[in-house]
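Read the structure below first, then the notes.
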Amino acid sequence: MAPSTHPDLLSLEPDALHQALVRHFENRGQRSYRAGQVQRWIYEGLARSATEMTDLPAAEREALSESFRIDEPVVDRLSESRDGTVKHLWRLVDGHLVESVLIPTEHRLTLCISSQAGCAMGCTFCATGWGGFDRQLTPGEIVGQYRASRRWSEEHDRGAITNIVFMGMGEPLANRAALHPALTILNRGYGVGARRITVSTVGVVPGILELADRPEQFRLALSLHAPDSELRRELIPLEKRYPLAEVLDALQRFDEAGGKRITFEYTMIRDVNDALELAPRLARIAAQVRAFVNLIPFNPIPYQDWVPSTPERIRAFASALVAGGVEVAIRETRGRDIEAACGQLRAHALTQMGKARR
Ligand code: SAH
Ligand code: SF4
């Protein structure tokens, strides 16, 4: 059997992993506690191969690597910003590249991860969107960014990763086959609290409804960027398929499902979506789903000549929202000096932190 057809230990949900390992060791006439040993190596030891699992007999390590793979992405490049932000470019088994970013703040370390290689959504303000879609990530490739980042962070004394945000490359709710298991694995396998994991979406309605139906309290961020369908359509092609009204209905379901605060991400682009007249409407829809609003200065991208709103305009917009009864925060861009291609990562991952502090 070719190695690629072997199950990937990182892609299996904890229960399935346990069962697969118990079966494997039973077939080899081994005691079932061996399954627990391997699970600990996966979730706590962050092992990259069976050879690292030193409390297994050599023959068992070999048998394990013949029956399973561990497909963790490997570092292609690492860049570190003066402000402590660290960007990893990961190479997947077939050579595709995805990014994740570690963002330290006073009391937390947030990891921003990718859910797809590229993105098919084509948002006009997004570098990933302009690059097009390459392929879906597997659950193991999503989780692998976390494991590898956690290992790096431990080795470099940066402390524990406290929060995870799906604000890297890709639309997580367009890869639900991998997102759902990845959420379960991060939460139940690696012990990352559901409230510390945020899924950011551009508005994939069926995916929002699925998240609403999950029992865990994963958090949701909607990339809104415009308070009405007409303007939103110019920025986000998906608006034609899932109009704002439908997205808001889905968010209401999510809100009613209990206790999970929704965030609106609003990237402020000068003379595109920053007119003060838009603020009252934004305030109204935020109130409708009790959303917190993050205003983020647009990060210029190579593909067109838009620029960020002025700081004065962003402040005035924020004040108008506050006057409308909305909680709002203005976010700064981090790690500008290591920005490179995927400009949106840091500023947006940052948005989670302020929220969790409240
Ligand atoms: N696809 C998901 C998650 C990844 S994008 C989503 O769209 O929500 C993460 C965030 O970066 C989104 O809020 C997106 O709107 C924002 N973003 C993309 N390009 C940006 C840019 N050039 N400047 C500022 N924010 C940007
Ligand atoms: Fe994809 Fe999000 Fe970029 Fe839109 S903003 S193209 S959904 S990554």
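The model shown is predicted, which means the values in this text are computed figures rather than measured ones. First listed ligand is number 1; within each ligand, the first listed atom is number 1.
A ring-centre distance under 6.0 Å is not found for His225 and Phe264. If you look at Phe298 and Phe125, their ring centroids are not closer than 6.0 Å. Taking the six-membered ring for Trp and the full ring otherwise, the centers of Tyr266 and Phe317 sit less than 6.0 Å from each other.
Counting heavy-atom neighbours within 6.0 Å of Glu62 CD, excluding the residue itself, gives a total of 12 or less.
In summary, the atoms of ligand 1 found under 4.0 Å from a heavy atom of Phe166, numbered by their order in the structure, are 3 (C). Near Cys126, meaning under 4.0 Å from one of its heavy atoms, ligand 1 places the atoms 18 (C), 19 (N). Distances below 4.0 Å separate heavy atoms of Val202 from the following atoms of ligand 2: 7 (S). Near Gly168, meaning under 4.0 Å from one of its heavy atoms, ligand 1 places the atoms 4 (C), 5 (S). Residue contact check: Gly170 has heavy atoms under 4.0 Å from atoms 1 (N), 2 (C), 3 (C), 4 (C) of ligand 1. Of all atoms in ligand 1, numbered sequentially from 1 with element shown, those under 4.0 Å from a heavy atom of His225 are 13 (O), 14 (C), 15 (O). Every atom of ligand 1 with a heavy atom of Ile301 under 4.0 Å away is listed here by number and element: 22 (N).
One option in Gly122, Gly170, Ser114, Gly129 has a heavy atom closer to atom 2 (Fe) of ligand 2 than any other, and that option is Gly170.
Residue contacts to atom 1 (Fe) of ligand 2: Cys119 brings an N, O or S atom closer than 2.8 Å. Residue side and main chain included, Cys123 places an N/O/S atom under 2.8 Å of atom 4 (Fe) of ligand 2.
Looking at Asn163 and Leu109, their side chains never come closer than 4.5 Å, going by heavy atoms from C-beta outward.
Remark: Leu89 CG to Asp76 CG distance equals 5.0 Å, nearest 0.5 Å. Between the CG atom of Leu12 and the CD1 atom of Ile185 there is a distance of 7.0 Å, given to the nearest 0.5 Å.
Contact annotation for Thr267 and ligand 1: only side-chain heavy atoms (C-beta onward) come within less than 4.0 Å of the ligand. Looking at Thr201 against ligand 1, only its backbone comes within 4.0 Å, counting heavy atoms.
Classification of Glu210 and Arg253 as a salt-bridged pair fails, no side-chain N sitting under 4.0 Å from a carboxylate O.
The shortest N/O to N/O separation between Pro172 and ligand 1 does not fall below 3.5 Å.
Cluster partners of Val22 are absent, since no Ile, Leu, Val, Met, Phe, Trp or Tyr has side-chain heavy atoms less than 4.5 Å from it.
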